[in-house]
Amino acid sequence: MTAQQFDPKQTTTLETAEKTLKQNVQNGSSQLADDNKHKKVGFVSLGCPKNLVDSERILTQLRTEGYEVVPSYDDAGIVIVNTCGFIDSAVQESLDTIGEALKENGKVLVTGCLGAKEDEIKEVHPGVLGITGPHAYENVMQQVHQHLPKPEHDPYMQLVPDTGIKLTPKHYAYLKISEGCNHRCTFCIIPSMRGDLDSRPIAEVLNEAKRLKDAGVKELLVISQDTSAYGVDLKNKTEFWDGMPLKANFKTLCEQLNKLGIWARLHYVYPYPHVDDIVPMMAEGKLLPYLDIPFQHASKRILKLMKRPGNVDKTLERIQKWREICPELVIRSTFIVGFPGETDAEFEELLEFLETAQLDRVGCFKYSPVEGAAANDLPDQVSEEIKEERFHRFMSLQQQISEKRLAQRVGKVYQILIDEVDEEGAIGRCFADAPEIDGVVYLNDDTELKAGDLVEAKIIASDEYDLWAERV
């Protein structure tokens, strides 16, 4: 271009056009980002394995409808927080998480146990878009549709596995067999949140279990609020599964899970008399010889205040009988110290019970008032200092018991299910170890394995919580 051809107006016009073009590109990118956000959902899952299963079901429905689940607040068009509300610390964690999601994203739906306390949530976080209670899958999806319309998608291009979306590793999965609970333990508000016992049809449970097995799951973790009460509400209803008539009850379910040929581990087993019928099945290798029974205490008076089974002598007799039938049986339990009215003598009863029962795996909680729990109104609340002192004495004793029982496994050979492998070796579990809550088995320098492998290994060392092994 020559000097005579130079036109400042033309230059200004070109610059303006260039700026407009850039702005249009930016606007287009922004619009595209907004459009993409309309398909994306953030998800935070808090609480116990039962809550995790609820999260898996919601996530499965989201993916089925074409939504993308993203791990970032920034990328999400809306965030769902599945809350826990069992104890005060869990309530606070849920409220804090809701607050964080509101701050980082602004569009938040709340579901789960704390959702049963809608007024409490709205008082702290009035900006949430919607609130639903536990296992309210359809209501959650209706709220998602209201604020984030269904994306257009090709269902053949966005296939969801038959097992649904799982938040656990591929080799193990939680199998929830019922909702709710018929008990009214004075320290617990679960029935007010999740309702009375509501067992799933036995064919439905077994169909899910088979799909999981076919997808490569090696271990089923059977869970509910009250696992051994399964089917009570169905009154032994008969259904057909795989061409067989089956009655919906705990023993039948266990018998059928055995036929899948994979590990089945029972959690949250209330010590009804019919639990005795399951132990011989464990001795025969039909179920993992593992019982998770929350005994909660050993004082008859405290158990009565808790509205829990109170015949401690009979409990000890049953434990002895179970071990005679199935010597390899591992018993996990949980206990509460500092329950309202617990005296020094009653705490000593609890320690004596531990010494006699010699339980393999034990968790301990300091009593914590939960809004709405009947135990809050009991007299003689225990101070935090005494709770803390009793907690440490309890755990110190149980640590000694656990160390002694684990030492008895040295020299024995077990199947080990591998959970992870790193540069130092493999980490797995034997039948005695539930994931996340129990100990592990280390296979040092064994780096050729992969998660999900089942191997034979000899135990060579132990400590208070874990084992070390070598492949045989």
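This one's a predicted model, so the numbers in the text were calculated from it and none came from an experiment.
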Note, [X] side chain near [Y] side chain (heavy atom, < 4.5 Å):
| X | Y | result |
| --- | --- | --- |
| T111 | I58 | yes |
| T447 | E423 | no |
| V41 | V70 | no |
| V441 | Y414 | no |
| V81 | F43 | no |
| I262 | L220 | yes |
| K450 | I418 | no |
| L109 | V79 | no |

Is [X] salt-bridged to [Y], going by a charged N under 4.0 Å from an acidic O?
| X | Y | answer |
| --- | --- | --- |
| E68 | K39 | no |
| D292 | R332 | no |
| R194 | D54 | yes |
| R184 | D196 | yes |
| D214 | K210 | yes |

Using a distance-only test with no angle check, is there a side-chain donor-acceptor pair under 3.5 angstrom linking [X] and [Y]?
| X | Y | answer |
| --- | --- | --- |
| N82 | S55 | yes |
| Q92 | D96 | yes |
| K176 | S224 | no |
| R265 | Y290 | no |
| Q61 | E65 | yes |
| Y230 | R200 | no |

Between side-chain atoms of residues 269-286 and protein atoms elsewhere (two or more places apart, or another chain), which donor-acceptor pairs fall under 3.5 Å?
unit_1 : atom_1 : unit_2 : atom_2 : d
Y272   : OH     : H183   : NE2    : 2.7
Y272   : OH     : D226   : OD2    : 2.5
H274   : NE2    : S228   : O      : 2.7
D276   : OD1    : R318   : NE     : 3.1
D276   : OD1    : R318   : NH2    : 2.9
D276   : OD1    : W322   : NE1    : 2.9
E284   : OE1    : K286   : NZ     : 3.2

Over 12 foreign heavy atoms within 6.0 Å of CD, E138: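 Atom CD in E138 is not packed in, count stays at 12 or less.
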
Test log, rule side chain to side chain donor-acceptor pair (under 3.5 Å), inputs K247 and T252: CA-CA 7 Å; K247 291 188 179 296; T252 299; over 6 Å; no

Test log, rule side chain to side chain contact (heavy atoms under 4.5 Å, CB included), inputs L129 and Q146: CA-CA 10 Å; L129 298 178; Q146 181 181 348; over 6 Å; no

Between [X] (side chain) and [Y] (backbone), is there a donor-acceptor pair under 3.5 Å?
| X | Y | value |
| --- | --- | --- |
| E239 | I202 | yes |
| N139 | A136 | no |
| D242 | M244 | no |
| H125 | L95 | yes |

When rounded to the nearest 0.5 angstrom, what is the spacing between [atom1] in [X] and [atom2] in [Y]?
| X | Y | atom1 | atom2 | value |
| --- | --- | --- | --- | --- |
| I319 | I331 | CD1 | CD1 | 4.5 Å |
| T334 | Y268 | OG1 | OH | 9.0 Å |
| E470 | I459 | CD | CD1 | 10.0 Å |
| E448 | L443 | CD | CG | 12.0 Å |
| E328 | L288 | CD | CG | 12.0 Å |

Pairs flagged by ring-ring contact (aromatic ring centres under 6.0 Å, His included) wherever residues 197-221 is involved - sequence neighbours left out: none

Qualifying ring-ring contact (aromatic ring centres under 6.0 Å, His included) pairs, either residue in residues 433-472, two or more places apart: Y442-W468

Candidate pair Q143 and H147, rule side chain to side chain donor-acceptor pair (under 3.5 Å), full reasoning: CA-CA 6 Å; Q143 291 184 351; H147 298 284; over 6 Å; no

Check: F339 ring centre within less than 6.0 Å of Y367 ring centre: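 Between Y367 and F339, which both carry aromatic rings, the centre distance is below 6.0 Å.
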
Criterion side chain to side chain donor-acceptor pair (under 3.5 Å) on S199 and D233, from CA distance to verdict: CA-CA 7 Å; S199 301; D233 55 319; 2.6 Å; yes

Salt bridge (Lys or Arg N to Asp or Glu O under 4.0 Å) between D419 and R429, intermediate numbers included: CA-CA 7 Å; D419 285 330; R429 294 173 291 109; 2.7 Å; yes

Closest heavy-atom pair and its distance - A203, W241: O-CD1, 3.8 Å

D453 vs H171, side chain to side chain donor-acceptor pair (under 3.5 Å): CA-CA, chis, key distance, verdict: CA-CA 8 Å; D453 284 347; H171 59 282; over 6 Å; no

